[in-house]
Amino acid sequence: MSSRSTFALVTGAARGIGKAIAIKLAADGYHVLINYRSNDAEAEKTIAQIVENGGVASLLKFNVSDREEVTRVLGGWLEQHPDSVIEVLINNAGIRNDNLLMWMEPADWDGVIDTNLTGMYNVTKTLINQMLLNRYGRIVNIVSLSGLKGVAGQMNYSAAKAGVIGATKALAQEVGKRGITVNAVAPGYIKTDMTQDINEKEAKVMIPANRFGEPEEVAELVSFLASRKASYITAEVISINGGLYS
Ligand code: NDP
């Protein structure tokens, strides 16, 4: 159990996988900072569920891809809370915008790279100094099977997630001596708004577990990697995909 003044920031935590992670980390004892981009109603629901379970959470709304906004809101939060420590960072905010390259417009490329890859840089860069000074930290980046295997129609998304995997391994080497671990979790198909357009009945035939995963199953793995128990695991990419790809 962590103390209540110890914070965990989960980006993209209003819905889906981020929401399940936020709920789990609050149950683990963290004061969870719930980041999201625009969906106030869903963010409020996430907080309500955490409070109902006896946890503590606050909202921290900013667009991870907007560097100025990250500095103003997240950097501002750090200045306003000089005695608080963000021990855990879960870079989960992500979008997909699929198309074959022949139809992929520059905006579709930029948007996916800016959110999934540059967003991770913007947020991690803002928090890393405090973790280094504190000589402790847990960073978990949510990537994807697409970033390991490459998926047709997802050149932008596969590139962004593969980029985060490279960044995970590089940063782990930079900060390992300071007690900070950096890992990536690569989900396959998980039941969220992001996969609503995919037919589970058709897609599950390829999955040994014969179903899509639940956000809560991803949250259990992230909770472990974010805990002190996972102290000797770093620079790893751990898949959670029901056996779809290994
Ligand atoms: P959802 O679409 O269900 O939720 C995405 C969350 O991210 C929302 O809370 C959204 O905010 C937030 N978000 C999106 N863009 C930004 C931004 N620019 N700044 C801040 N927050 C943002 O997605 P999932 O839960 O399915 O996905 C979570 C992560 O898991 C993503 O990184 C995704 O790529 C990855 N993933 C998902 C898989 C799946 O099968 N679902 C498989 C593999 C990886 P708001 O609510 O305000 O819109």
Side-chain angles (χ1 to χ4, degrees), residues 9-24 32-47 57 59-70 72-74 89-98 110-124 126 140-151 154 156-165 167-168 184-200 203-204 206-207 209 211-219 221-222 237-242 244-245:
L9 170 64
V10 184
T11 67
R15 296 182 283 122
I17 293 171
K19 176 180 184 172
I21 294 170
I23 290 169
K24 175 65 182 145
V32 179
L33 298 174
I34 296 176
N35 162 259
Y36 63 107
R37 181 185 43 186
S38 57
N39 200 328
D40 299 315
E42 291 300 319
E44 291 290 351
K45 278 190 208 162
T46 304
I47 287 242
L59 299 181
L60 205 58
K61 181 180 180 179
F62 58 85
N63 178 348
V64 297
S65 69
D66 183 334
R67 194 162 295 153
E68 186 276 324
E69 200 175 305
V70 175
R72 182 164 44 78
V73 179
L74 181 57
L89 166 61
I90 315 298
N91 284 305
N92 165 80
I95 55 166
R96 50 176 265 250
N97 195 351
D98 302 352
D110 292 344
V112 168
I113 298 289
D114 290 353
T115 302
N116 296 280
L117 178 57
T118 310
M120 182 271 309
Y121 163 80
N122 292 339
V123 175
T124 310
T126 307
V140 181
N141 298 321
I142 308 302
V143 294
S144 169
L145 177 149
S146 299
L148 291 168
K149 180 181 177 287
V151 170
Q154 292 195 327
N156 49 1
Y157 186 76
S158 300
K161 294 301 193 184
V164 174
I165 289 171
T168 299
V185 164
Y189 292 107
I190 308 297
K191 273 184 232 163
T192 70
D193 294 344
M194 190 183 269
T195 49
Q196 246 179 1
D197 60 332
I198 302 168
N199 184 326
E200 183 176 354
K204 75 177 187 181
M206 304 179 299
I207 306 170
R211 63 176 175 86
F212 283 8
E214 300 291 340
E216 291 72 21
E217 293 177 291
V218 181
L221 171 58
V222 173
V237 186
I238 302 180
S239 287
I240 175 160
N241 60 28
L244 178 57
Y245 181 73

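Both ligands and their constituent atoms are indexed starting at 1 by order of listing.
Rounding to the nearest 0.5 Å places CG of D66 at 10.0 Å from CG of D114. One distance of note links NZ of K161 with CD1 of I142; it measures 8.0 Å at 0.5 Å rounding.
Of the candidates S38, G16, G94, A93, G94 brings a heavy atom nearest to atom 5 (C) of ligand 1. Around atom 40 (O) of ligand 1, the closest heavy atom drawn from I190, V70, T192, D114 belongs to I190.
Considering only heavy atoms from C-beta on, L89 comes within 4.5 Å of V123 through its side chain. When side chains are defined from C-beta on, K61 does not count as touching V73, because their heavy atoms never get closer than 4.5 Å. In this structure the side chain of K191 reaches within 4.5 angstrom of the side chain of E200, judged on heavy atoms. A heavy-atom distance below 4.5 Å is not found between the side chains of I34 and V10.
Short contacts between ligand 1 and I17, defined as distances under 4.0 Å to a heavy atom of the residue, involve ligand atoms 25 (O), 30 (O), 37 (C). Residue contact check: Y189 has heavy atoms under 4.0 Å from atoms 40 (O) of ligand 1. For ligand 1 and D193, the ligand atoms under 4.0 Å from any heavy atom of the residue are 3 (O). Atoms of ligand 1 found under 4.0 Å from any heavy atom of I95, numbered from 1 in the order shown, are 14 (C), 15 (N). Which parts of ligand 1 touch N63 is read off a 4.0 Å heavy-atom cut-off, strictly below it: atoms 17 (C), 18 (N), 19 (N). Close approach of ligand 1 to Y157 (heavy-atom distance below 4.0 Å) involves ligand atoms 33 (C), 34 (O), 35 (C), 36 (N), 43 (C), 44 (C). When each atom of ligand 1 is checked for a heavy atom of T195 under 4.0 Å away, the hits are 39 (C), 40 (O), 41 (N). Numbered from 1 in the order shown, with element, the atoms of ligand 1 that lie under 4.0 Å from a heavy atom of A14 read 9 (O), 46 (O).
Regarding atom 19 (N) of ligand 1, its nearest protein heavy-atom neighbour is V64 N, 3.0 Å. When hydrogens are left out, the protein atom nearest atom 11 (O) of ligand 1 is R37 N, 3.5 Å; that is the closest non-hydrogen contact. The nearest heavy-atom contact from the protein to atom 7 (O) of ligand 1 is G12 CA, 3.3 Å. In this structure, the protein non-hydrogen atom closest to atom 44 (C) of ligand 1 is V143 O, 3.0 Å. At the top of the distance list for atom 27 (O) of ligand 1, counting protein heavy atoms only, stands M194 CE, 4.0 Å. Of all protein heavy atoms, the one lying nearest to atom 42 (C) of ligand 1 is G188 O, 2.8 Å. Protein heavy atom in closest approach to atom 30 (O) of ligand 1: I142 CG2, 3.3 Å. Considering only non-hydrogen protein atoms, atom 43 (C) of ligand 1 sits nearest to P187 O, 3.4 Å.
Of the heavy atoms in T115, only side-chain atoms (C-beta onward) come closer than 4.0 Å to ligand 1. Contacts between N35 and ligand 1, counted as non-hydrogen atom pairs separated by less than 4.0 Å, involve the side chain only. In R96, neither the side chain nor the backbone holds a heavy atom less than 4.0 Å from any atom of ligand 1. Heavy atoms from both the backbone and the side chain of N92 come within less than 4.0 Å of ligand 1. When heavy-atom distances to ligand 1 are checked against a 4.0 Å cut-off, Y36 comes that close through both its backbone and its side chain.
On a distance-only criterion, G18 and ligand 1 share no N/O pair closer than 3.5 Å.
Across all non-hydrogen atoms, the minimal contact from A22 to V32 is O-CG2, 3.6 Å. Taking each heavy atom of K45 and E42 in turn, the nearest pair found is NZ-OE2, 2.9 Å. Across V70 and V64, no two heavy atoms sit closer than the pair CG2-O, 3.6 Å.
Using a non-hydrogen distance threshold of 4.0 Å, R15 registers as a contact of ligand 1. Ligand 1 lies out of reach of L145, whose nearest heavy atom is not under 4.0 Å from it. The shortest heavy-atom distance from F62 to ligand 1 is under 4.0 Å.
In terms of modelled atom types and a separation under 3.5 Å, the side chain of N92 and the main chain of T11 share a donor-acceptor contact. Counting only distance, with no hydrogens or angles, the side chain of S239 and the backbone of N241 share no donor-acceptor pair below 3.5 Å. Here the side chain of S65 pairs no donor or acceptor atom with the backbone of G119 at under 3.5 angstrom.
By the neighbour-count criterion of 12 heavy atoms within 6.0 Å, atom CZ of F212 is densely surrounded, having more than that number from other residues, nucleotides or ligands.
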Next item on the list: Go through E217 and I190 one step at a time and tell me if the side-chain contact (heavy atoms from CB on, under 4.5 Å) criterion holds.
Entry: CA-CA 9 Å; E217 293 177 291; I190 308 297; over 6 Å; no
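Listed by chain and residue number, N97, M104, D108, W109, V112 satisfy the side-chain contact (heavy atoms from CB on, under 4.5 Å) test with N156 (two or more places apart in sequence, or in another chain). Scored by the side-chain contact (heavy atoms from CB on, under 4.5 Å) test, R96 finds D98, Q154, Y157, M194, D197, I198 as partners (sequence neighbours excluded).
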